[in-house]
Each structure stands twice: as C-alpha cells, then as structure tokens.
Amino acid sequence: SVTEIRSGFTAIKANIQARDPIRTLSILSYPHSLHKVKSSDRCCITHHLFNFYVDKVFKHCKTEDSYVNRKISSIANSFLSVKRKLGQCHEQNKCTCGQESTEKFKQILVNYEGLNVTSAAIKSLGELDILLDWLEKSR
Amino acid sequence: SGELYCSLPNPRNVHFESVNMKNVLHWSAPEGTGDGVVYKVKYSVYGVGKWIRKPECRNINRTWCDLSSETSDHEEQYYASVKAFLNGMCSDWTETTRFNPLTDTKIGPPMVSVSSTEKSISIILTAPEKWKRSPEEESISLLQVYPGLRYNVSVLNKKTKKRWWFSVSNTTLVVPSLEPGTAYCVSAQIYVTTPFLQSVFSEEYCIATLKDKTA
C-alpha cells in the first residue's frame, strides 16, 4: 500500500537523496509540478508513473548498502501490487489519458533520459516523496 | 568583507527546524572559531536552477535564519546553504539535506475547549494553522494540508483515575454517560498516518460535570 511505500522511503530518503548531487533538475516536477495535473488525468498519470518506476527505475537502483537495497526491493514490491490494481482500472477503461497527462508523462521521460541511467534512477527514487505527497493529497 | 581564500572551517549541522511550516534554518558555528564570525545564507527550490540570496541574513552573527516566507509553498522542496566569514577568511558553502515542508515539519498540538452537562462533556478540537506571513493573510488550517489528519483524545476521571481513549477525525467529540459532579481532564494529540506525523499532547483541560439536581 502507499503507506508501506511511504514508510519504506522515509527510512532511506536521506541516504538516496544524498546520492543525487543535481539540484537544478527534477524528473517529476520539471517544468511543472505534479500538483498542476488536472484531477481528470490523475488516474492515468498514476498508472503511467507506477509503470515507469517498476519498468525503468528500481532495476537501476543498486547500492553498496544492503539495508538500502532491501528497502528498495520492498518498495518495488509494494509498487508492483499497486500497479496490478491500477492495471485493472486501465483495462476497464476507468483510467483514460487526456492530452495533458500524455504530455506530462512524455516530459517526465525526457527528463529521465536526459541523465545517465543510474543518476536518473537514483534521482527518480529520491523524488518518491514528491509522488507520494501528490498521491496522498489527491486521495 | 572580501573573500580572500576559503580556509575557514565550515558551519556545522546546517538544518531546517520547522513547526507548523514555520521553517527556520539553523546551524552551528565552525569548529574552533570564537566571536566575530558572520554568515551569509542562500536557498534554492529543488529542480530549479538558481540559488537565491537571503538579504536579511547577510553578514549576520546569529546562527539561524527564518526562511518561512521563501519556503512557504509546501508542494515544493528546498535546499539552503550557509557560508561563514572571519577576518577576511571564508568557509565553503555548507548545505542542508533536501527539505520537504510537508513531511519534515513538526505539527503542534491541537487547541482543546471543553464544556459539560450533568452526564457528558463536549470537546472541541482545533488543528493548528499553517505559518503565515502576516495576520491579514488567509489562514490555512493544517487540516486542509493533511486530509488524513486525526486526533487522539484522552479523558481522565480525576476521582477514579479511569482514562478513556478516543481516535476521531471530526472536530467535536461528546463523551456521554459520565458521573455528575465529577472532574474530568482532557488532553489531545494530532496524528497523520501518511506522511507519518504526530504532535505532542496538548496540556490538560479539566472541567466538572454539573451536579445531579435530583440528588
């Protein structure tokens, strides 16, 4: 659940964010904050973002710290279970994607591909609280 | 003071202390430096390119700087940085970790007001307000910021020392079936499940139920 993801991330937040020296770029927030996403597009962006983290981010987040690695894999597992639920919504067409959310997700991918894969993955992982804050606010 | 070369030790433990989103940057003086050290402060919004100087915290000798105004958008995240100067020498900039006002603030206890009848007490709980620049500015309750905000309430019978606990989300709680003419003390705490935040308990507010008129 999101609460499990939040507590897992809180345990490693300082460690992961300290590995990201780039202050001037955000994967999720550039150029516009997630909070600007229209409520009608929220399900679609959430669906895309959970796929993004599972398919692109977690696999590139290995560290030399076994405790951090364990936390990352438990976060990844929680993402997988939420992703499955979101997939069902998507299949039942309850999660339509408007043009704005498609554009927003494209921008996120551009931000991600603008960095080398390890930096991009660690930065994305360090921005999990941006995603969680947005998810919880819009619950 | 001109910056000759930066061999001064760095300020230490540069961090935000935040209560109800009043966000104040704190630090400790560089090791081994006595009086006379002054500081400059700058901050940046995470994901935005530039550092911004804080003029009111330029060449100050205190070791804190209120950045509440600059960090008031709790949907953004921030870094702040401090540089020390002494006798023409300077330190490097020393940064905070990434500061997220939403998850890194401490929440103050709720306000509690109580009233009573013969056999019940009514408790009204009010969440603190988010910090604001001036009294004229619109107030934002932390209830609006944290939709999942709840209250833990403790009610103590002063005579029997029996205590009840309640966990509520609405702001009014009526405790029925109490003893007439008895003192009860109420204390309350705020908690948010995600992100996990928990205030200290408020002070105790005591009130007596009215005496039984028929007795």
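Numbered from 1 within each chain, the chains take letters A, B, ... in sequence-line order.
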Peer 1: Please indicate whether Lys50(B) has more than 12 foreign heavy atoms, meaning atoms of other residues, nucleotides or ligands, lying under 6.0 Å from its NZ.
Peer 2: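 Counting other residues, nucleotides and ligands, NZ of Lys50(B) stays at 12 neighbours or fewer.
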Peer 1: If you measure only the distance, is there a donor-acceptor pair under 3.5 Å linking the side chains of Ser33(A) and Glu75(B)?
Peer 2: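 Ser33(A) vs Glu75(B): no donor-acceptor pair found between side chains.
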Peer 1: Less than 4.5 Å apart, any side-chain heavy atom of Glu127(A) and any of Arg98(B)?
Peer 2: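 They are in side-chain contact.
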Peer 1: How many angstroms lie between atom CG of Asp129(A) and atom CG of Leu102(B), to the nearest 0.5 angstrom?
Peer 2: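 It is 9.0 Å, given to the nearest 0.5 Å.
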Peer 1: Do His74(B) and Lys137(A) have side chains that approach each other closer than 4.5 Å (heavy atoms only, starting at C-beta)?
Peer 2: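 Contact flag for His74(B)/Lys137(A) side chains = no.
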Peer 1: Leu132(A) versus chain B, heavy atoms under 4.5 Å apart: side chain, backbone, both or neither?
Peer 2: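 The answer is neither part of Leu132(A).
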Peer 1: Measure distances from Arg6(A) to the heavy atoms of chain B and classify the residue's part below 4.5 Å as side chain, backbone, both or neither.
Peer 2: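 Contact with chain B: side chain only.
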Peer 1: Do Thr97(B) and Lys13(A) have side chains that approach each other closer than 4.5 Å (heavy atoms only, starting at C-beta)?
Peer 2: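 Counting from C-beta outward, Thr97(B) and Lys13(A) never come under 4.5 Å.
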Peer 1: Against chain A, label Thr103(B) side chain, backbone, both or neither, depending on which of its atoms sit under 4.5 Å from a heavy atom there.
Peer 2: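 Only the side chain of Thr103(B) comes within 4.5 Å of chain A.
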Peer 1: So, do Ser26(A) and Tyr46(B) sit near enough that their side-chain heavy atoms are less than 4.5 Å apart?
Peer 2: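 In short, these two side chains touch, coming nearer than 4.5 Å.
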Peer 1: Is the number of heavy atoms from other residues, nucleotides or ligands under 6.0 Å of Lys119(B) NZ greater than 12?
Peer 2: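 Atom NZ in Lys119(B) is not packed in, count stays at 12 or less.
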Peer 1: Heavy-atom distances under 4.5 Å only: say whether Asp73(B) touches chain A with side chain, backbone, both or neither.
Peer 2: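 For Asp73(B), no heavy atom lies under 4.5 Å from chain A.
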Peer 1: Crowded around Asp35(B) CG? As in, over 12 foreign heavy atoms under 6.0 Å?
Peer 2: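 At most 12 heavy atoms, drawn from other residues, nucleotides or ligands, come within 6.0 Å of this atom.
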Peer 1: With a 4.5 angstrom heavy-atom cut-off, which part of Tyr79(B) approaches chain A: side chain, backbone, both or neither?
Peer 2: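 Answer is side chain: those atoms of Tyr79(B) sit under 4.5 Å from chain A.
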Peer 1: Please determine, among Asp20(A), Thr10(A), Leu25(A), the option with the most heavy-atom pairs under 4.5 Å with chain B.
Peer 2: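 Most heavy-atom pairs within the cutoff with chain B belong to Leu25(A).
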Peer 1: Check whether Ile22(A) gets within reach of chain B through its side chain, its backbone, both or neither, counting any heavy atom under 4.5 Å.
Peer 2: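 For Ile22(A), the backbone is the part near chain B, not the side chain.
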Peer 1: Would you say CD of Glu137(B) has more than 12 non-hydrogen atoms from neighbouring residues, nucleotides or ligands within 6.0 angstrom?
Peer 2: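 Count over threshold, so yes.
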Peer 1: Check whether the side chains of Tyr146(B) and Glu136(A) place a donor and an acceptor atom closer than 3.5 Å, and report yes or no.
Peer 2: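 Result is no, nothing qualifies.
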Peer 1: Quick one: what part of Val145(B) sits under 4.5 Å from any heavy atom of chain A, side chain, backbone, both or neither?
Peer 2: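 When you check distances to chain A, no heavy atom of Val145(B) falls under 4.5 Å.
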Peer 1: Take atom CZ of Phe201(B) as the centre, draw a 6.0 Å sphere, and report whether it contains more than 12 heavy atoms from other residues, nucleotides or ligands.
Peer 2: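 For Phe201(B), atom CZ is crowded (more than 12 foreign heavy atoms under 6.0 Å).
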